[in-house]
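Take a look at the structure set out below.
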There are 2 protein chains.
Amino acid sequence: MSKFTMYGKMTAQPGKRDELVQILLQAAEGLTSNPGCELYIVNISEDNPDDIWVTELWRDAEAHADSLKDPGAMELIQKARPLIAGIEPVRLRPVGGKGL
Amino acid sequence: MSKFTMYGKMTAQPGKRDELVQILLQAAEGLTSNPGCELYIVNISEDNPDDIWVTELWRDAEAHADSLKDPGAMELIQKARPLIAGIEPVRLRPVGGKGL
């Protein structure tokens, strides 16, 4: 199984969650034409008002790494940086299931 | 947005992770014919050897709730219970993105 998956957990600066969500949705929009990206779903936490979780699934680790070198993505990362209080990626290995 | 999403984080009893993974993969197999279930991906943690994370996405909360009443699912839940040391669902609300 070479697919690459992770959850990108981010805590926004107080009051900045929705602004950060919009940037992440722009990033998702930019990935629609990227065949290496299979899932990039932006979720907000039901329990912690500042937390955002992005469900990511990629063809492989290389596709994920390459995406971070895209100029458009790099620009969005710069825009998002001051809005982020914390980042805790949940590093996973996909085993199987529906939708993989 | 009425879709229902969550991450099912489970910590297996020591040495029982792979057995638990197999039961969850059986559950995923049972969901292939369930149109209300869009994603049920079983992942293992790269950092904690006993942790399993299931990425779930459902048509709506009702489809998720109904799935738990399925006799096959209930049987698998009974089988899994003694293998589980802890459960921490991450309750989310999907906002948008690729694959939603």
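Residue numbers start from 1 in every chain, and the chains themselves are labelled A, B, ... in the order their sequence lines are given, proteins ahead of strands.
Using the six-membered ring where Trp is involved, B:W53 and A:Y7 have ring planes that are perpendicular, over 60° apart on the 30 and 60° scheme.
When each of A:E29, A:M6, A:K98 is scored by its heavy-atom pairs under 4.5 Å with chain B, the top score falls to A:K98. Counting heavy-atom pairs under 4.5 Å between each of B:L57, B:D47, B:D51 and chain A puts B:D47 at the top.
Here the side chains of A:L39 and B:L39 are in contact, with some heavy-atom distance below 4.5 Å.
Only the side chain of B:T5 comes within contact range of chain A, with at least one heavy atom under 4.5 Å from a heavy atom of that chain. In this structure, chain B has a heavy atom under 4.5 Å from the side chain of A:V90, while its backbone stays farther away. Interface residue A:V42: backbone and side-chain heavy atoms are both found under 4.5 Å from chain B.
When A:I52, A:N43, A:I41 are each tested for a side-chain contact (heavy atoms from CB on, under 4.5 Å) with B:L92, only one passes: A:N43.
For residues 73-89 of chain A, heavy-atom neighbours of chain B at less than 4.5 Å comprise no residues at all.
Sorted by first then second residue, the side chain to side chain donor-acceptor pair (under 3.5 Å) pairs that include residues 57-69 of chain B, not counting sequence neighbours, are B:E56-B:W58, B:D66-B:K69.
The two residues B:G97 and A:A28 come nearest to each other via the heavy atoms CA-CB, 3.7 Å.
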